[in-house]
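Below you'll find the structure, written out as C-alpha cells, and then a few comments.
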Amino acid sequence: GLIFPGMRLLCTWLLGWSVASMATGQELYFRQITTADGLSDNAITKLFQDRDGFLWVGTESGLNRYDGHHVRVWHARDGLGGEHVTDIVQDRHGAIWVATQEGGLARFNAQGQVQRSFRPDPGNTSAIRNLRLNCLFDLNDTMLMIGAQRTPVMFMDKRTGLFTYWKGTGPISPHYAVDRPMDGTD
C-alpha cells in the first residue's frame with residue numbers, strides 16, 4: 001500500500017513512544033476533542049504543540065488552540081488569513097506562524113493574539129504574492145521559509161515583513177532569492 005512519508009514517521013514515533021511508556025510503567029491517556037467540545041471543524045489538517053504546551057489544531061474551517069480544558073477558535077474574520085489551515089510553526093522568538101490554503105500568512109504572539117496578517121498588496125512589490133500556502137519552516141532568527149502552490153519557495157524577513165522568492169536554480173537559500181516569483185502569483 002501507499003504510505004505517505006509523514007505517516008511512516010508518525011507511526012514510528014507513536015510505536016517508539018508506546019514502547020517507552022510501557023517500559024516506564026506510564027499509562028497512556030488520550031482524549032478526543034470534536035466540534036462538540038468547541039473545535040471549529042472535525043477535519044483536522046495540522047497539529048502543533050507549542051513550547052508552552054498548548055495544542056494548536058488547524059482545520060479546514062479555522063484555527064484552534066486547546067489548553068487541555070478549553071478550545072479557543074480563530075477564523076478569517078478574527079485576523080486569520082483564511083479558513084483552511086495548512087501549517088503551523090513556532091519560531092525561536094515564540095511567535096506562532098499560520099499558513100492557510102486560500103488566505104496567506106498570519107503571525108500570532110504566544111498569548112494567541114493576531115499580530116499581523118500577510119496578504120498581497122499590489123502597491124508593494126515586497127509583499128507576499130501568493131495566498132495558497134502549503135508549508136512553513138523557521139529557517140533562522142530572521143527568516144521564515146514558505147512553500148506555496150505556485151511558488152515553490154518564498155523567504156520572509158521576520159523583522160521587516162518583506163518577501164523574496166527562490167529563483168529556481170542554485171541552492172535554496174535567501175542568498176539566491178529575487179524580488180519576484182518565477183512561477184507567477186495567485
Side-chain angles (χ1 to χ4, degrees), residues 4-7 9-11 13-14 29-122 124 127-139 143-158 161-163 181 184-186:
F4 296 104
M7 186 63 79
L9 177 63
L10 176 64
C11 291
W13 181 83
L14 284 174
Y29 174 75
F30 292 95
R31 180 166 186 255
Q32 180 179 5
I33 58 172
T34 67
T35 53
D37 302 295
L39 203 62
S40 64
D41 192 348
N42 288 329
I44 308 282
T45 57
K46 178 69 178 183
L47 293 173
F48 176 79
Q49 186 173 16
D50 70 19
R51 63 178 74 146
D52 295 322
F54 291 109
L55 181 63
W56 294 78
V57 182
T59 73
E60 292 181 357
S61 297
L63 176 68
N64 306 261
R65 188 181 72 182
Y66 182 62
D67 65 6
H69 303 285
H70 303 97
V71 178
R72 182 173 174 191
V73 178
W74 293 266
H75 292 284
R77 66 181 176 269
D78 304 315
L80 182 63
E83 293 295 313
H84 189 134
V85 174
T86 54
D87 205 0
I88 306 166
V89 299
Q90 185 171 31
D91 71 18
R92 297 155 199 214
H93 303 289
I96 303 291
W97 296 89
V98 181
T100 64
Q101 188 176 51
E102 76 289 354
L105 180 68
R107 181 180 67 209
F108 291 76
N109 64 18
Q111 293 74 40
Q113 298 165 321
V114 178
Q115 292 182 310
R116 186 167 177 194
S117 291
F118 298 88
R119 298 184 56 83
D121 176 359
N124 180 357
I128 191 169
R129 296 193 183 187
N130 297 283
L131 290 175
R132 296 181 182 118
L133 306 182
N134 296 328
C135 56
L136 302 171
F137 181 75
D138 185 36
L139 194 58
M143 286 289 177
L144 187 68
M145 190 164 62
I146 305 162
Q149 287 183 9
R150 291 195 180 176
T151 304
V153 181
M154 294 184 280
F155 300 98
M156 190 198 77
D157 187 318
K158 295 184 279 188
L162 301 179
F163 288 81
T185 59
D186 290 333

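Atoms considered below: every heavy atom in the structure, side chains included; atoms not considered: hydrogens, waters and symmetry mates. Residue numbers run from 1 in the order of the sequence given.
From D157, atom CG reaches atom CG of L139 across 11.0 Å, with rounding to the nearest 0.5 Å. Distance check: H93 NE2 to R107 CZ gives 10.5 Å after rounding to the nearest 0.5 Å. Summarising the geometry, atom CH2 belonging to W56 is positioned 12.5 Å from atom CD belonging to Q49; distances are rounded to the nearest 0.5 Å. Atom CG of N42 is separated from atom OG1 of T34 by 5.5 Å, given to the nearest 0.5 angstrom. One finds the CH2 atom of W97 at 13.0 Å from the CG atom of D87 (value rounded to the nearest 0.5 Å). Atom CE of M154 and atom CG of N130 lie 4.5 Å apart (nearest 0.5 Å).
Distance alone, capped at 3.5 Å, is enough to place a donor-acceptor pair between the T100 side chain and the G104 backbone. Here the side chain of T45 pairs a donor or acceptor atom with the backbone of G58 at under 3.5 angstrom.
Residues satisfying the side chain to side chain donor-acceptor pair (under 3.5 Å) criterion with D138, sequence neighbours excluded, are R92, K158.
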key: Derivation of the side-chain contact (heavy atoms from CB on, under 4.5 Å) call for H75 and E83   = CA-CA 6 Å; H75 292 284; E83 293 295 313; 2.7 Å; yes
request  = Take I33 and N64 through the side-chain contact (heavy atoms from CB on, under 4.5 Å) test and state the conclusion after the steps.
outcome  = CA-CA 11 Å; I33 58 172; N64 306 261; over 6 Å; no
task = Starting from the C-alpha separation in whole Å, work towards a yes-or-no answer on side-chain contact (heavy atoms from CB on, under 4.5 Å) for Y66 and D37.
result = CA-CA 10 Å; Y66 182 62; D37 302 295; over 6 Å; no
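No side-chain heavy atom of V73 sits less than 4.5 Å from a side-chain heavy atom of D78. Between V57 and V71, every side-chain heavy-atom pair lies at or beyond the 4.5 Å cut-off. Here the side chains of I146 and F163 are in contact, with some heavy-atom distance below 4.5 Å. At least one side-chain heavy atom of N134 sits less than 4.5 Å from a side-chain heavy atom of Q149. The side-chain heavy atoms of V98 and V85, taken from C-beta on, include a pair separated by under 4.5 Å. Counting heavy atoms from C-beta outward, R65 and W74 have side chains that approach closer than 4.5 Å. Taking the side chain as every heavy atom from C-beta outward, R119 and L131 approach each other to under 4.5 Å. With a 4.5 Å cut-off on side-chain heavy atoms, V89 and F137 do not count as touching.
Donor-acceptor pairing under 3.5 Å is lacking for the side chains of D41 and T59.
The two residues A148 and L133 have their closest heavy-atom pair at CB-CD2, 3.9 Å. Between S61 and S40 the shortest heavy-atom distance is O-OG, 3.1 Å. Shortest non-hydrogen contact noted between V114 and G79 is CG1-O, 3.8 Å. Residue G81 comes nearest to S117 through the heavy atom pair N-OG, 4.5 Å, listed as atom of the first residue, atom of the second, then distance.
Between Q101 and the options H84, E60, R132, a side chain to side chain donor-acceptor pair (under 3.5 Å) holds for only H84. Screening I88, L55, I96 for a side-chain contact (heavy atoms from CB on, under 4.5 Å) involving D50 leaves a single residue, I96.
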